[in-house]
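Here the structure comes first, spelled out in structure tokens, and everything after it is commentary.
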Number of protein chains: 2
Amino acid sequence: MVVFNALSDPELDQLFRALADTTRRDIVARVLGGEGASVSTLASRYDMSFAAVQKHVAVLEGAGLVTKHRRGRERIVRGNPERIARARELLVRLESLWRARFQQLDNVLADPEPGD
Amino acid sequence: MVVFNALSDPELDQLFRALADTTRRDIVARVLGGEGASVSTLASRYDMSFAAVQKHVAVLEGAGLVTKHRRGRERIVRGNPERIARARELLVRLESLWRARFQQLDNVLADPEPGD
DNA sequence: ATTAAATACAACCATGTGGTTGTATATTAG
DNA sequence: CTAATATACAACCACATGGTTGTATTTAAT
């Protein structure tokens with residue numbers, strides 16, 4: 001029995017993989033929180049080469065988490081919150097599986113478990 | 001009492017990386033949805049070796065998404081929904097960054113953007 | 001027209017990842 | 001006891017990832 005169609009979606013692999021890096025999560029937070037930023041502006045804030053940051057942005061772009069827009073010789077990176085919402089939706093569904101399971105056992109998490 | 005402490009960056013890296021694989025997300029869904037499953041029971045459902053599934057479970061365990069409990073010669077894998085909740089929390093926060101940003105600029109999305 | 005800035009892209013390297021097979025250990029069954 | 005089962009773990013392989021440097025291209029500034 002297939003529990004979730006969405007679990008086999010390779011886009012989800014890409015999405016979670018893109019989020020599995022501190023630098024990339026930080027980039028996402030920056031471009032969502034601000035007015036967007038050029039790649040070089042982003043690169044100046046991290047202790048790595050421009051090309052490395054460029055690659056991180058490319059990974060985020062491939063996962064659909066950010067978009068790039070030309071502005072003169074710069075590329076402005078902006079967040080795409082819809083993808084974040086999609087990842088959140090999946091986790092909410094996973095959580096609701098748990099809630100359905102443990103609704104009757106609300107002391108499970110509070111119980112200190114004797115080690116085996 | 002469950003403490004709602006934030007996960008460190010390396011822990012978050014591990015968490016998202018663990019979720020960035022279809023087989024592992026499926027394992028999480030199975031052990032959250034049911035009463036837990038032995039590693040060999042899980043392995044029988046995937047088209048890969050026992051050792052491969054064993055490794056996937058180890059990755060999930062390292063990320064704190066599942067726990068293993070001995071039962072005779074079996075190891076029962078159970079979900080740890082707390083970690084899923086923490087990942088969701090992060091995504092909710094990322095989303096709320098976006099909402100705060102575009103609340104005052106609700107015409108931004110309406111702007112026709114020349115594609116590059 | 002030159003030069004500088006921002007980016008793109010390729011080559012390369014070290015390490016990690018996802019899979020395999022093989023072997024060893026622990027536990028249950030007979 | 002022996003045999004079968006479930007797991008653990010190591011070695012190995014192909015490929016991806018995250019970083020580097022170097023070079024080319026596009027755009028802006030002078």
Side-chain angles (χ1 to χ4, degrees), chain A residues 7-28 30-31 34-78 115-116, chain B residues 9-28 30-31 35-78 114-116:
Chain A
L7 295 183
S8 59
D9 189 352
E11 277 184 344
L12 271 179
D13 288 12
Q14 217 180 351
L15 181 60
F16 281 111
R17 192 176 303 277
L19 288 170
D21 181 281
T22 303
T23 303
R24 289 198 291 264
R25 285 194 305 274
D26 195 70
I27 290 174
V28 168
R30 281 185 195 281
V31 300
E35 64 284 341
S38 69
V39 181
S40 55
T41 298
L42 287 172
S44 69
R45 300 180 197 274
Y46 303 104
D47 189 22
M48 64 184 73
S49 69
F50 174 81
V53 175
Q54 218 178 4
K55 279 191 179 183
H56 280 308
V57 171
V59 170
L60 291 171
E61 197 182 14
L65 282 165
V66 305
T67 56
K68 282 195 298 190
H69 308 263
R70 290 196 56 158
R71 190 177 67 189
R73 61 185 160 185
E74 295 179 323
R75 295 296 175 97
I76 302 302
V77 182
R78 297 210 190 104
D116 45 311
Chain B
D9 277 345
E11 282 174 332
L12 274 179
D13 288 10
Q14 218 179 351
L15 180 59
F16 281 111
R17 191 174 300 277
L19 288 170
D21 181 279
T22 302
T23 302
R24 288 197 294 262
R25 285 193 304 275
D26 195 69
I27 289 174
V28 168
R30 281 184 195 281
V31 299
E35 65 283 342
S38 70
V39 181
S40 54
T41 299
L42 288 172
S44 70
R45 293 176 150 79
Y46 302 104
D47 187 22
M48 64 185 73
S49 68
F50 173 83
V53 175
Q54 218 178 5
K55 278 191 181 183
H56 280 308
V57 170
V59 169
L60 291 171
E61 196 181 15
L65 283 164
V66 304
T67 56
K68 282 194 298 189
H69 307 265
R70 288 196 60 152
R71 190 177 67 189
R73 59 185 161 186
E74 295 180 323
R75 296 297 174 96
I76 302 302
V77 182
R78 298 211 189 101
D116 45 310

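Only this structure's heavy atoms are used, side chains among them; waters, hydrogens and symmetry mates stay out. So that the names make sense, note that chain A is the first sequence line, chain B the second, and so on, each numbered from 1.
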Gap between atoms [atom1] and [atom2], on [X] and [N] respectively (whole Å):
{"X": "R71(A)", "N": "dT26(D)", "atom1": "CZ", "atom2": "C1'", "result": "17 Å"}
{"X": "D26(B)", "N": "dG18(C)", "atom1": "CG", "atom2": "P", "result": "15 Å"}
{"X": "D47(A)", "N": "dG18(D)", "atom1": "CG", "atom2": "P", "result": "17 Å"}
{"X": "M48(B)", "N": "dT17(C)", "atom1": "CE", "atom2": "P", "result": "16 Å"}

Under 4.0 Å, heavy atom to any atom of DNA chain C: which of residues 14-21 of chain A qualify?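 Here the set is empty: none.
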Applying side chain to side chain contact (heavy atoms under 4.5 Å, CB included), name anything that partners S40(A), two or more places apart in sequence or on another chain.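 Once residues adjacent in sequence are excluded, the partners of S40(A) under the side chain to side chain contact (heavy atoms under 4.5 Å, CB included) criterion are S38(A), F50(A).
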With sequence neighbours excluded, what pairs up with R73(B) under the side chain to side chain contact (heavy atoms under 4.5 Å, CB included) test?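 If we apply the side chain to side chain contact (heavy atoms under 4.5 Å, CB included) test to R73(B), skipping adjacent residues, there are no hits.
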When you match K55(A) and R24(B) each to their closest nucleotide on DNA chain C, which lands nearer the 5' end?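 Here K55(A) is the residue nearer the 5' end.
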Candidate pair L15(A) and L12(A), rule side chain to side chain contact (heavy atoms under 4.5 Å, CB included), full reasoning: CA-CA 5 Å; L15(A) 181 60; L12(A) 271 179; 3.9 Å; yes
Judged by atom type as modelled, is there a donor-acceptor pair below 3.5 Å linking the side chain of R24(A) to the main-chain atoms of L19(A)?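 Pair absent, no side-chain N/O of R24(A) close to backbone of L19(A).
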With no hydrogens and no angle check, is any side-chain donor or acceptor of Q54(A) less than 3.5 Å from a backbone partner on V39(A)?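 No, Q54(A) side chain to V39(A) backbone: no donor-acceptor pair under 3.5 Å.
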Name of the residue among V28(B), L42(B), D21(B), V66(B) meeting side chain to side chain contact (heavy atoms under 4.5 Å, CB included) with H56(B):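 Filter result, single survivor: D21(B).
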Return the [atom1] to [atom2] distance between [X] and [Y], rounded to the nearest 0.5 Å.
{"X": "L65(B)", "Y": "Q14(B)", "atom1": "CG", "atom2": "CD", "answer": "9.5 Å"}
{"X": "T23(B)", "Y": "R45(B)", "atom1": "OG1", "atom2": "CZ", "answer": "14.0 Å"}
{"X": "E35(B)", "Y": "I76(B)", "atom1": "CD", "atom2": "CD1", "answer": "8.5 Å"}

Sub-3.5 Å pairs of nitrogen or oxygen atoms, protein against nucleotides 13-15 of chain C:
none

With respect to the phosphate group of dT27(C), does any side-chain polar atom (N or O) of R70(B) fall under 4.0 Å of OP1 or OP2?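 Yes.
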Ignoring backbone atoms, establish whether Q54(A) has a side-chain N or O less than 4.0 Å from OP1 or OP2 of dA8(C).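 Yes.
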Quick one: on DNA chain D, does G72(A) or A52(A) contact a more 5' nucleotide (nearest heavy atom)?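 By nearest-heavy-atom nucleotide position, the 5'-most residue is A52(A).
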Identify all pairs in which a protein N or O lies below 3.5 Å from an N or O of nucleotides 3-6 of chain C, and state each distance.
residue : atom : partner : partner atom : Å
dA5(C)  : O4'  : R73(A)  : NH1          : 3.0

Test item: R75(A) and R70(A) side chains (from C-beta on) under 4.5 Å apart, heavy atoms: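 Heavy-atom side-chain distance check passes, below 4.5 Å.
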Listed once per pair and sorted, the salt bridge (charged side-chain N to carboxylate O under 4.0 Å, His left out) pairs that draw on residues 55-65 of chain A, sequence neighbours left out: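 Sorted result for residues 55-65 of chain A: E61(A)-K68(A).
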